[in-house]
There are 2 protein chains.
Amino acid sequence: MAPARTSAKRQHVVDTAYALFKRDGFHATGIDRIIAEADIAKMTMYRNFPSKDELIVAVLDHRARRFERQLDRLATAAATPGQKIATILDWHERWFRSADFHGCLFAHALAEFGDPAHPVFKAVARQKNGLRSRMQAILEQTMPPERAEGAAAALLMLIEGATLLAQMGEADAAIGNARKAAAAIIAGAWGRQ
Amino acid sequence: MAPARTSAKRQHVVDTAYALFKRDGFHATGIDRIIAEADIAKMTMYRNFPSKDELIVAVLDHRARRFERQLDRLATAAATPGQKIATILDWHERWFRSADFHGCLFAHALAEFGDPAHPVFKAVARQKNGLRSRMQAILEQTMPPERAEGAAAALLMLIEGATLLAQMGEADAAIGNARKAAAAIIAGAWGRQ
DNA sequence: CCGTGATGAGACAGGTCTGTCTCTTTTCTA
DNA sequence: TAGAAAAGAGACAGACCTGTCTCATCACGG
């Protein structure tokens with residue numbers, strides 16, 4: 001049988017690598033650590049992923065899909081656009097307070113792979129633009145597209161900054177003030193376009 | 001003579017390491033690369049800095065001091081609190097558009113050194129809290145302290161997010177929308193405390 | 001039941017990492 | 001100008017890095 005694009009072993013490697021990358025970073029986590037933790041042979045890893053870089057991209061893409069699925073599910077329960085944005089902040093609040101929160105893996109990837117041509121950089125851009133597009137689509141239900149575009153960018157910046165503050169140990173203040181600032185951004189007091 | 005705490009050689013190492021850390025990251029930049037680029041002997045480096053970690057902290061602290069000095073200078077030219085906040089955004093706009101902008105070195109350090117007990121982590125927290133305190137002090141001239149605290153946190157999050165977006169190649173949109181959102185946050189539409 | 005593909009186990013190459021050590025040379029100052 | 005401090009040069013240790021290779025073993029489907 002041709003190697004399935006998503007086998008159980010492959011997924012196990014992704015999950016293990018995710019936990020290690022999240023805790024220790026990308027360059028600081030060696031292949032040997034990953035295969036030891038996953039309890040697999042080195043060749044099993046290299047047969048599924050041609051290189052460490054491609055494993056990193058696979059981990060990021062997997063987390064991005066999971067994130068999108070979770071937001072999709074939360075959004076269905078929300079009625080108004082304002083509530084939909086609130087569910088996104090709810091998601092982040094729970095995340096900030098989760099036991100092994102270590103900041104945003106995508107932001108960390110950007111820090112370690114700053115070359116815009118690098119596949120890891122592109123994977124990060126995909127995820128961030130996905131979240132911005134999602135919020136922009138929500139906001140366009142209550143405001144003109146040009147304003148929605150700017151507000152979505154502002155909300156994305158706010159969320160990214162809140163994640164950084166949360167990693168610095170101020171999860172409560174970060175999410176509380178982010179909620180208030182988000183309300184200010186959406187509700188108006190927005191200068192002429 | 002006892003080794004000066006700030007010799008010319010030492011500063012040269014800090015400057016060279018800064019350029020390399022900024023471009024390639026901390027773990028990805030080896031000591032050998034630093035001493036080759038700085039054109040110094042390895043022992044000169046290790047006589048000034050007991051370890052790579054302490055060099056990183058020295059680089060971060062040096063940049064933080066430089067940042068504070070530049071903001072101090074800009075603030076003197078600004079009359080009102082609103083203008084003082086604007087000069088901080090001006091500084092970031094110029095930074096985003098500078099030739100070798102690679103994102104925030106402090107955010108990158110946080111990504112690679114996520115342990116709150118690590119000296120590098122603490123150096124990052126110092127810098128971010130310094131910027132927040134600066135903005136809070138400015139805002140307290142126009143609003144009650146509790147509101148100034150929340151608004152300063154919101155502005156800090158906005159700036160951090162704008163820096164991340166700028167690194168993703170959207171410097172113009174980031175700074176423009178950050179300015180508008182900052183105005184919305186300061187001007188009001190701020191929920192009951 | 002047999003063969004084919006996935007996996008395990010581990011040696012191996014070639015390089016890089018941080019940090020230490022020694023010895024020589026330069027530089028500065030008293 | 002003599003002596004001390006600083007710096008250069010580079011070998012060295014011991015560990016770790018990514019990625020390749022070989023060979024034995026296992027599972028499973030025709």
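All chains are named by letter (A, B, ...) in the order of the sequence lines, taking the proteins before the strands, and each is independently numbered beginning at 1.
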List for me each residue that meets ring-ring contact (aromatic ring centres under 6.0 Å, His included) alongside [X], sequence neighbours excluded, and say none if there are none.
X	result
B:Phe21	B:Phe26
A:His118	A:Phe113
B:Phe67	B:Trp91
A:His102	none

Distance check needed: [N] [atom2] versus [X] [atom1], whole Å only.
X	N	atom1	atom2	result
A:Asn48	C:dG8	CG	P	10 Å
A:Ile35	C:dA6	CD1	C1'	16 Å
B:Ile34	D:dG8	CD1	P	15 Å
B:Leu20	C:dC17	CG	P	11 Å
A:Arg10	C:dT7	CZ	P	12 Å

Identify all side-chain donor-acceptor contacts of residues 150-165 of chain A below 3.5 Å with residues at least two apart in sequence or on another chain.
residue, atom, partner, partner atom, Å
A:Glu160, OE1, A:Lys128, NZ, 3.3
A:Glu160, OE2, A:Lys128, NZ, 3.0
A:Thr163, OG1, A:Ile159, O, 2.8

| query | Going by an N to O cut-off under 4.0 Å, is there a salt bridge joining A:Asp72 and A:Arg65? | reply |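 No salt bridge links A:Asp72 with A:Arg65.
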
| request: Any chance you could list the contact pattern along nucleotides 16-26 of chain D? Use B for base contacts, S for sugar-phosphate-only contacts and - for none, protein heavy atoms under 4.0 Å, 5' to 3'. | output: -SBBBBB----

Under 3.5 Å, sequence neighbours excluded: what are the donor-acceptor pairs made by side chains of residues 40-47 of chain A?
residue, atom, partner, partner atom, Å
A:Lys42, NZ, A:Asp32, OD1, 3.2

| query | Mind checking what makes salt bridge (charged side-chain N to carboxylate O under 4.0 Å, His left out) contact with A:Lys9, not counting sequence neighbours? | reply |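 For A:Lys9 there are no salt bridge (charged side-chain N to carboxylate O under 4.0 Å, His left out) partners, ignoring immediate neighbours.
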
| Hey, can you pull the residues of residues 107-122 of chain B with a non-hydrogen atom under 4.0 angstrom from DNA chain C? |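 Here the set is empty: none.
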
